[in-house]
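Working notes, beginning with the structure itself.
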Amino acid sequence: MSTDGSGEPPLTRAQLRALRAAQETPAPETPAPATPAPATPAPEIPTSEALIEPGADTPDVRRYPGFGPTSGVSAPEVEPPTAARRGNRPFLLALWAVMGVLVLVVGILGVVSLTQGPRLSEVQVDPAQAIETSGSRVILTANQSLDPITPEQVSVEPATPFTIDASGRSIGIRFTAPLYDDTEYRISVAGATAVGGGPSSDLETTFTTPAAQMFLLQRSVDDDTIFTTDLTGEKATPVFTHPRIDDFRVTPDHLVVAVEQDEGSKLLVMNRDGSDRRELTLPGPGYVSSVQVSDRAGLVGYSYSDLELTEDSGRASVLVTQPLSGAGEPRIVQVDGADASVAEWQFVPDSSSLLFIDFNGALSVEDPTSNAGVQSMGIAASILGVTRGTFTAIVERADASVVELNLADGSEAPLTASEPDYGDPTAIETFPGGTLRHIVQRDETGMPTGQAVVRVDDDGTATVISEVSGADSILQVCASPSGQYAAVVIAPDLVTNEYDDLLLPLPTTLHTHLIDLTGDQEMPTLNGFDISWCRMAPQP
């Protein structure tokens, strides 16, 4: 009998099967011997492939050292992969494929960024707000941080004044005047470069402003109605109706209406569509007039008089401001510790300040949101107008001279003369690029012969845009916020045009003539007055 080299004869197949059966059969429980029996070494299991019975489990190659190319014998078959392992293989292949694509995309984007320069990733703009108020912004966001941007790199078409504020990836462009309606604007930033260098690129975007919408008041024998309409006047929609509407003003978000009742005035605030109506608290039972709003500060201001008013008691024509939100109480403006009775007043556009003249002729300015108090601006006969965005007022001094008054430092200069000279204005409406001046035309003897509205550009060039004669009268002149249009309210034939009986009495027939100030567009004449472009009510 041959041996395996150890001197011991190999086990036969019968011995091997007996050994396996003994290992698989559990031994009966017996008490442990007092002294352990010496361990009998297990017989060495041969590695011959012939020992594997047909149908027996395939041995694990890792349990038997000696298998392999150097063992001198054939290796057993490796355990086939399980279903889970086979399922992981497509997932791993897909994962590596995705990672490969991502690496490729990142590489391509890196190359593109190095060869194309910065690009726009986002643009923020509110076109509807831009046509109604100054100070609206367009924010351009690039895909990477930029080197400093100068105003010379930025252009806006059509041309409009602007300032810029650039930092990091953002370029803020602030329009200092409202934009034209129904107009496409193009903004370009030339030669923008990324921080750290690389090629430059031009950033461009366009946006279109919506067609203008306006509000108009119509009074009638039965009910007064505030309408909203487009510039054609053909799509008028009633927003608010009341038997007696004295005045109204419009902000980008709200409609403010003063109505008259037997117990005095009520001041209502609502959404622009007339919904969510609420009443503001007044200083007491009384009457409200000269309603105005400050968009920037969210304030409403008005002249207030007590319902019960005598020579010795009651408040007459005091100036009041309060939040449009209704969150605060009405505040009466005081001068030297006493309620100020004012002859006329105006909010300074694009600010929270108000300018007023008391019945002694003292001209003052006050910001109700600060602690600076009332600042004296000398003596004045009338406030003719206040320029948007410049903190400058046009006032008539006590000596009848007309000056442009800087409300910040009190300096003043004569009003720019018109060429040709059409005479002294009785009212001035400012707009970006010039003024609209209401002129009373007179003959050689000084007798009035008619009235006109004259457009005067900043360089003094004057053009008559509207005029009336005879018994017709101009009651109100307003410009759209951008200066694109003008509205002239005319009362025809004052001899037969009866006045109503409201707190602010006006002729019962009033027409609003719309005028295109930037071209030759024919525009309609509307029935009604006090268009929402106006900052204050007509002065009959």
Side-chain angles (χ1 to χ4, degrees), residues 126 128-129 132-133 135 213-215 217 224-228 238-308 314-334 339-342 345-356 366-371 374 502-504 530 532-537:
D126 186 347
Q129 182 189 30
E132 293 193 356
T133 62
Q213 291 287 318
M214 55 192 179
F215 292 76
L217 173 59
D224 303 336
T225 303
I226 297 173
F227 290 89
T228 181
V239 173
F240 177 75
T241 299
H242 190 274
R244 301 172 72 85
I245 299 178
D246 280 319
D247 199 1
F248 81 98
R249 296 273 80 79
V250 177
T251 76
D253 300 313
H254 297 104
L255 176 64
V256 185
V257 185
V259 299
E260 184 181 331
Q261 300 184 149
D262 293 339
E263 64 273 19
S265 296
K266 286 188 176 182
L267 194 60
L268 307 176
V269 178
M270 62 198 76
N271 295 334
R272 287 169 62 115
D273 61 1
S275 63
D276 193 21
R277 193 177 308 165
R278 61 187 185 278
E279 182 179 347
L280 295 182
T281 301
L282 300 181
Y287 293 107
V288 166
S289 63
S290 188
V291 177
Q292 300 177 47
V293 292
S294 169
D295 297 339
R296 193 62 50 87
L299 295 174
V300 59
Y302 50 88
S303 178
Y304 169 82
S305 297
D306 283 327
L307 187 63
E308 299 294 335
R315 295 163 294 187
S317 301
V318 295
L319 181 55
V320 181
T321 63
Q322 64 190 106
L324 281 169
S325 64
E329 295 295 322
R331 184 193 71 97
I332 300 177
V333 176
Q334 293 190 329
D339 294 347
S341 295
V342 300
W345 76 281
Q346 289 191 38
F347 267 121
V348 179
D350 304 322
S351 78
S352 54
S353 296
L354 42 94
L355 182 68
F356 59 92
E366 185 213 34
D367 184 352
T369 65
S370 74
N371 297 321
V374 176
L502 273 73
L503 185 64
L504 176 65
D530 210 12
S532 51
W533 301 338
C534 302
R535 287 176 268 182
M536 55 190 304

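Numbers for residues simply follow the sequence, beginning at 1.
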Out of curiosity, [X] [atom1] to [Y] [atom2], how far, rounded to the nearest 0.5 Å?
{"X": "Gln213", "Y": "Thr228", "atom1": "CD", "atom2": "OG1", "value": "4.5 Å"}
{"X": "Arg331", "Y": "Glu329", "atom1": "CZ", "atom2": "CD", "value": "13.5 Å"}
{"X": "Tyr302", "Y": "Asp246", "atom1": "OH", "atom2": "CG", "value": "14.0 Å"}
{"X": "Cys534", "Y": "Leu217", "atom1": "SG", "atom2": "CG", "value": "11.0 Å"}
{"X": "Leu255", "Y": "Asp273", "atom1": "CG", "atom2": "CG", "value": "9.5 Å"}
{"X": "Leu319", "Y": "Ile332", "atom1": "CG", "atom2": "CD1", "value": "9.5 Å"}

Next item on the list: With sequence neighbours left out, write down each residue that passes salt bridge (Lys or Arg N to Asp or Glu O under 4.0 Å) with Asp530, or none if nothing qualifies.
Entry: Arg249
Note to self: Using the salt bridge (Lys or Arg N to Asp or Glu O under 4.0 Å) criterion, which residues pair with Arg535? Sequence neighbours excluded.
What the structure shows: Glu429
Check: For Gln334, does the CD atom have more than 12 heavy-atom neighbours from other residues, nucleotides or ligands under 6.0 Å away?
Finding: yes
Is [X] reaching over with its side chain to a backbone N or O of [Y], donor-acceptor style, under 3.5 angstrom?
{"X": "Gln322", "Y": "Thr281", "answer": "yes"}
{"X": "Tyr304", "Y": "Gly284", "answer": "yes"}
{"X": "Glu260", "Y": "Leu503", "answer": "yes"}
{"X": "Asp247", "Y": "Ala258", "answer": "no"}
{"X": "Asp306", "Y": "Glu308", "answer": "no"}
{"X": "Ser317", "Y": "Ser341", "answer": "no"}
{"X": "Ser265", "Y": "Val288", "answer": "yes"}

Note to self: Would you say Thr251 and Asp253 are linked by a side-chain donor-acceptor pair, where the criterion is simply a distance under 3.5 Å?
What the structure shows: no
Item checked: Ser294 and Ser352 side chains, donor-acceptor separation under 3.5 Å -> no
If you define the side chain from C-beta out and look only at heavy atoms, does anything of [X] sit under 4.5 Å from [Y]?
{"X": "Val300", "Y": "Val291", "answer": "yes"}
{"X": "His242", "Y": "Gln261", "answer": "yes"}
{"X": "Leu307", "Y": "Tyr287", "answer": "yes"}
{"X": "Asp339", "Y": "Arg315", "answer": "yes"}
{"X": "Leu282", "Y": "Pro330", "answer": "no"}
{"X": "Leu267", "Y": "Val269", "answer": "no"}
{"X": "Ile226", "Y": "Pro238", "answer": "no"}
{"X": "Asp224", "Y": "Phe240", "answer": "no"}

Check: What pairs with Phe347 under ring pair (Phe, Tyr, Trp, His ring centres under 6.0 Å), at least two apart in sequence or on another chain?
Finding: Trp345
Checklist line | Counterpart residues, side-chain hydrogen bond (donor to acceptor under 3.5 Å, both in side chains), relative to Asn271 (two or more places apart) | finding: Ser275
Note to self: My understanding is that only residues two or more places apart in sequence, or in another chain, count here; which of them pass side-chain hydrogen bond (donor to acceptor under 3.5 Å, both in side chains) with Arg277?
What the structure shows: none
Margin query: Working note: Trp533 + Val250, criterion side chain to side chain contact (heavy atoms under 4.5 Å, CB included); need CA distance, chi angles, decisive distance, verdict.
Written below: CA-CA 8 Å; Trp533 301 338; Val250 177; over 6 Å; no
Next item on the list: Evaluate side chain to side chain contact (heavy atoms under 4.5 Å, CB included) for Asp276 paired with Met270, printing each intermediate quantity in order.
Entry: CA-CA 5 Å; Asp276 193 21; Met270 62 198 76; 5.9 Å; no
Notebook entry, point to check: Only one of Glu366, Gln292, Gln346 forms a side chain to side chain contact (heavy atoms under 4.5 Å, CB included) with Leu354, so which one is it?
Noted result: Glu366
Next item on the list: Begin from the C-alpha positions of Val239 and Phe215 and carry the test side chain to side chain contact (heavy atoms under 4.5 Å, CB included) through to its verdict.
Entry: CA-CA 9 Å; Val239 173; Phe215 292 76; 4.1 Å; yes
Check: Which pairs pass salt bridge (charged side-chain N to carboxylate O under 4.0 Å, His left out) with one or both residues in residues 280-300, sequence neighbours excluded?
Finding: Arg296-Asp350
